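Only one structure is covered here, and it is reproduced in the block below.
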Amino acid sequence: MTLRPYYEYRHLVGFEETNLVGNVYYVNYLRWQGRCREMFLLEHAPDVIDEIRDDLKLFTLRCECEFLAEITAFDELSIRMRLVDLTQTQLEFAFDYVRLRGELEDVVARGRQRVACMRGPNADTRPAKVPATLRKALEPYATVAPATQPRVLAHIVNGD
């Protein structure tokens, strides 16, 4: 088996994900980023899910998507996630949304997501180190070497 340089989540677009015009409603691309990230945790770092049930929080600091082509119901997608930045307390992922048509593949969108690890009660969350098992699970999907200098998380505007 050949290891791909990305984690892949496959998705078949349904009518409920389209708008009145018939193309996919933009917010679904961001949902698929979250779903891809969740499935990665389930498959490659399930102990992190246990930590989330305890007090680990994964705050989304920034999320974006650039749309390159329209997709519609019953298009088959491969959402491909890669790690592009890893600091002491934060991760950044890049996503390629690839429409699959038999042997043909075309990139229909690209996205990014920056996540901060936090711990503590909701009224007093503080930056926390990225769990070691998550770091290890992400190694095969890294596009750059992890940062050697820790960054300080100054302010969190919102989270999920």
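In this text, all values refer to a predicted model and were calculated from it rather than measured experimentally. Values reported hereafter were calculated over all heavy atoms of this structure, with side chains retained and with hydrogens, waters and symmetry mates removed. The residues of the chain are indexed from 1 along the displayed sequence.
Rounded to the nearest 0.5 angstrom, L100 CG and E8 CD are separated by 7.0 Å. Taken from CZ in R126 to NZ in K57, the straight-line distance is 12.5 Å, to the nearest 0.5 Å. Between atom CG of residue D106 and atom CZ of residue R101 there is a gap of 5.5 Å, rounded to the nearest 0.5 Å. Between the CD atom in Q88 and the CD atom in Q90 there is a gap of 11.0 Å [rounded to 0.5 Å]. Summarising the geometry, atom CG belonging to L91 is positioned 8.5 Å from atom CG belonging to D85; distances are rounded to the nearest 0.5 Å. A distance of 10.5 Å separates CE of M81 from CD of Q33, quoted to the nearest 0.5 Å.
Centroid-to-centroid, the aromatic rings of F74 and F15 come within less than 6.0 Å.
A continuous path of ILVMFWY side-chain contacts below 4.5 Å connects F93 to M39, so both sit in one hydrophobic cluster. Under the 4.5 Å side-chain heavy-atom criterion for ILVMFWY residues, a single connected hydrophobic cluster contains both W32 and L42. By the criterion of side-chain heavy atoms lying less than 4.5 angstrom apart, applied directly or through intervening Ile, Leu, Val, Met, Phe, Trp or Tyr residues, L77 is not grouped with Y6; the two fall into different hydrophobic clusters.
Annotation for R35: atom CZ does not count as buried by contact number, only 12 or fewer foreign heavy atoms lying within 6.0 Å. Atom CD of E76 has more than 12 neighbouring heavy atoms from other residues, nucleotides or ligands inside a 6.0 Å radius.
Looking at every heavy atom in both residues, T89 comes nearest to V130 through C-CG2, 3.8 Å. Here the closest heavy-atom approach between residue L134 and residue F40 is recorded as CD1-CE2, 3.9 Å.
A heavy-atom distance below 4.5 Å is not found between the side chains of C65 and R110.
When atom types are taken as modelled, the side chain of N28 and the backbone of Y25 share a donor-acceptor pair closer than 3.5 angstrom. N19 places a side-chain N or O within donor-acceptor distance of the main-chain N or O of V21, the cut-off being under 3.5 Å. Listed for the R99 side chain is no donor-acceptor partner under 3.5 Å among the backbone atoms of L104. T143 places a side-chain N or O within 3.5 Å of a backbone atom of L83 that can act as its donor or acceptor partner.
A perpendicular orientation is assigned to the rings of Y29 and F67, their planes being inclined by more than 60° (bins at 30° and 60°).
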